[in-house]
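Working notes for the structure below.
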Amino acid sequence: MSPKTMLSSTTAESKGIVIIGAGLAGWHVIDAIRAKDKDIPITLITSDNGDRYHKPMLTMAISQQKNAADLVRATGSDAAKAANINLLADTQVTDIDPTSQTVQLISALRSDPVYTNYATIGYDKLVLAMGAHPIFPKSLPQDLVWHVNHIERFGQLQEKLATGSQHIAIVGAGMVGTEIAEDLLKAGHQVTLIDLNDAPLSQMLPPQATARIAKAVQSQGINFLGGYQVSDVTRNSEGKLQVSYEAVASATDSDTAQQPETLIVDHVIASAGLTVDDKLPTAAGVEFNRRTGIVVDAPTLRTNTDNIYAIGDCMSINGVACRYVAPLRAQAATIADDILGLEHGGYDHKPPMIRLKNKAISVMATGVPQASGNWQVKTETDEELIMDLLDDNNEVSATVTIKAPVIPNV
Ligand SMILES: Cc1cc2nc3c(=O)[nH]c(=O)nc-3n(C[C@H](O)[C@H](O)[C@H](O)COP(=O)(O)OP(=O)(O)OC[C@H]3O[C@@H](n4cnc5c(N)ncnc54)[C@H](O)[C@@H]3O)c2cc1C
């Protein structure tokens with residue numbers, strides 16, 4: 001069914017389970033429900049086409065010469081048919097009314113006048129799996145700057161990069177920025193990685209650890225500009241992008257005027273973190289924080305609004321955003337059991353192991369690592385650094401293990 005046809009039948013109440021978002025989180029919930037109940041009505045509403053893909057591949061695919069189509073494991077319509085669900089693709093949820101238990105829909109293609117219809121559908125149980133959005137500070141205009149948080153946008157970038165070696169500036173050296181920097185370098189591009197901090201992963205790990213990552217990244221040929229902020233991106237008369245950046249002012253030089261420097265590149269990728277849109281959580285009346293996401297009760301994944309659950313990048317547990325793939329299966333199984341009224345022992349949240357996909361250095365962390373705090377060295381050699389983060393009771397709350405390059409020069 002085309003989105004136009006689906007939305008034109010402005011609906012009566014069609015109750016059942018409604019899931020918003022067809023990323024890994026939404027599809028995991030469908031798999032978990034269908035493992036227990038083949039027939040209960042499920043409607044999946046998603047602003048994209050619903051295709052199933054493994055998002056972590058987006059920071060590995062370009063050097064493997066894979067395009068977006070290569071990464072799709074099943075199209076949305078095939079996956080919907082296989083799972084016996086009703087897929088409303090290219091459809092955006094614009095409002096939730098938790099009292100009448102309804103959601104408002106509009107075509108995500110509504111800029112085209114053909115798609116002006118909207119609809120309201122009812123739910124018995126609602127699962128919020130609508131992910132998080134990349135942050136675009138004012139200095140990074142969205143019409144000039146890429147992100148790699150969705151396969152569609154990734155696919156457009158991949159096509160541009162497939163035409164030959166180019167210079168790419170990546171703004172933000174968290175995990176995604178650091179991984180895609182290496183992937184693009186391996187694909188033969190020139191890469192400049194810019195971050196406010198002196199080293200990559202500085203919001204997660206202590207300076208002793210991040211200094212090793214900075215060294216590895218630089219020695220493989222990535223131009224790492226640490227301690228700089230991008231102030232502007234504009235297109236010049238030759239069609240290239242001009243990136244203006246300046247040193248982050250320290251307390252001692254706050255009176256000194258900073259002179260911006262410039263870089264001319266072919267593309268800019270923003271990887272400056274994620275935020276959760278407040279519109280739907282506010283409408284649904286669920287407890288919510290823009291930075292970390294929707295608050296859930298960990299053992300049930302229920303929000304504080306009746307019959308509404310949350311999972312994936314839009315959700316947080318104990319004040320920490322849940323933005324990794326590994327816990328999704330267990331979280332989805334709990335939601336399925338809870339929705340279907342089956343006995344379950346409760347979801348037992350354990351922060352997943354975090355592993356940077358870069359080959360120039362091996363970085364692994366367990367627990368909930370954060371830059372500040374009482375980090376203690378356990379092992380320190382040229383090849384290996386192991387540090388523990390101790391909490392107020394001197395208990396280990398996180399451990400990071402950094403090892404020398406797996407492959408010396410990628
Ligand atoms: C480049 C990259 C590499 C990563 N690598 C790793 C890794 O190695 N290991 C790891 O554990 N994690 C990794 N992650 C994180 C992991 O991929 C995510 O945590 C996970 O994919 C999030 O899935 P999601 O379904 O919650 O969100 P998303 O994939 O963002 O899906 C959200 C869905 O909601 C839909 N939607 C949003 N708003 C609406 C609306 N209003 N109405 C209808 N539909 C809506 C969107 O269209 C989309 O289908 C990586 C992330 C990125 C970006």
Side-chain angles (χ1 to χ4, degrees), residues 3 18-31 43-62 71 76 79 87-96 103-110 118-119 121 126-135 146-154 157-158 170 172 174-184 269-284 293-294 310-316 321-329 331-332 351-358 363-365:
V18 170
I19 298 169
I20 305 175
L24 284 167
W27 279 113
H28 266 89
V29 174
I30 290 166
D31 291 343
T43 300
L44 173 62
I45 309 166
T46 187
S47 46
D48 56 18
N49 58 14
D51 286 356
R52 291 192 82 155
Y53 72 102
H54 191 63
K55 195 186 270 193
M57 281 303 295
L58 300 186
T59 46
M60 301 172 79
I62 289 179
L71 300 180
L87 172 67
L88 303 185
D90 299 315
T91 302
Q92 195 158 3
V93 176
T94 53
D95 202 4
I96 297 170
V103 297
Q104 290 274 347
L105 318 177
I106 189 161
S107 171
L109 311 173
R110 63 189 175 281
Y118 67 91
I121 65 168
L126 178 66
V127 181
L128 304 175
M130 71 259 182
H133 300 284
I135 295 172
W146 299 96
H147 69 78
V148 287
N149 194 49
H150 194 276
I151 192 168
E152 208 177 303
R153 197 79 178 118
F154 162 86
L157 173 64
Q158 187 276 335
I170 299 164
M175 292 191 67
V176 168
T178 307
E179 288 180 3
I180 193 125
E182 183 179 285
D183 196 49
L184 296 178
I269 301 174
S271 55
L274 297 174
T275 180
V276 180
D277 193 17
D278 63 355
K279 195 168 176 206
L280 296 185
T282 305
I294 298 164
I311 184 170
D313 278 9
C314 65
M315 180 272 273
S316 66
C322 284
R323 297 195 179 136
Y324 295 100
V325 173
L328 289 176
R329 190 181 299 270
Q331 291 170 355
M353 178 186 281
I354 300 165
R355 195 190 288 269
L356 191 74
K357 297 200 280 292
N358 290 48
V363 179
M364 249 174 11

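Counting starts at 1 for both ligands and their atoms, in listed order. In this text, all values refer to a predicted model and were calculated from it rather than measured experimentally. Position 1 is the first residue of the sequence; numbering continues from there.
Ala61 meets the side chain to side chain contact (heavy atoms under 4.5 Å, CB included) test with Lys66, Leu71, Phe154; sequence neighbours excluded. Applying the side chain to side chain donor-acceptor pair (under 3.5 Å) rule to Asp95 yields no partners; only residues at least two apart in sequence or on another chain are considered.
Near Thr59, meaning under 4.0 Å from one of its heavy atoms, ligand 1 places the atoms 1 (C), 3 (C). Close approach of ligand 1 to Gln92 (heavy-atom distance below 4.0 Å) involves ligand atoms 40 (C), 41 (N), 42 (N), 43 (C). Each of the following atoms of ligand 1 lies closer than 4.0 Å to a heavy atom of Arg323: 15 (C), 19 (O). Short contacts between ligand 1 and Asp313, defined as distances under 4.0 Å to a heavy atom of the residue, involve ligand atoms 18 (C), 19 (O), 20 (C), 22 (C), 26 (O). Under a 4.0 Å criterion applied to the non-hydrogen atoms of Thr91, ligand 1 contributes the atoms 43 (C). Near Leu280, with a cut-off below 4.0 Å to any heavy atom, the atoms of ligand 1 are 41 (N).
For ligand 1, the polar-atom distance check finds an N/O of Thr46 within less than 3.5 Å of one of the ligand's N/O atoms. Taking only nitrogen or oxygen atoms, main chain and side chain alike, Cys322 does not reach within less than 3.5 Å of ligand 1. At under 3.5 Å, a nitrogen or oxygen of Val325, whether backbone or side chain, sits near a nitrogen or oxygen of ligand 1.
Neither the backbone nor the side chain of Ile180 comes within contact range of ligand 1; no heavy atom lies under 4.0 Å.
For the residues Gly312, Gly21, Ser47, the heavy atom positioned nearest atom 47 (O) of ligand 1 is part of Ser47.
When side chains are defined from C-beta on, Asp183 does not count as touching Thr59, because their heavy atoms never get closer than 4.5 Å. Side chains of Glu182 and Leu356 form no contact here, defined as non-hydrogen atoms less than 4.5 Å apart.
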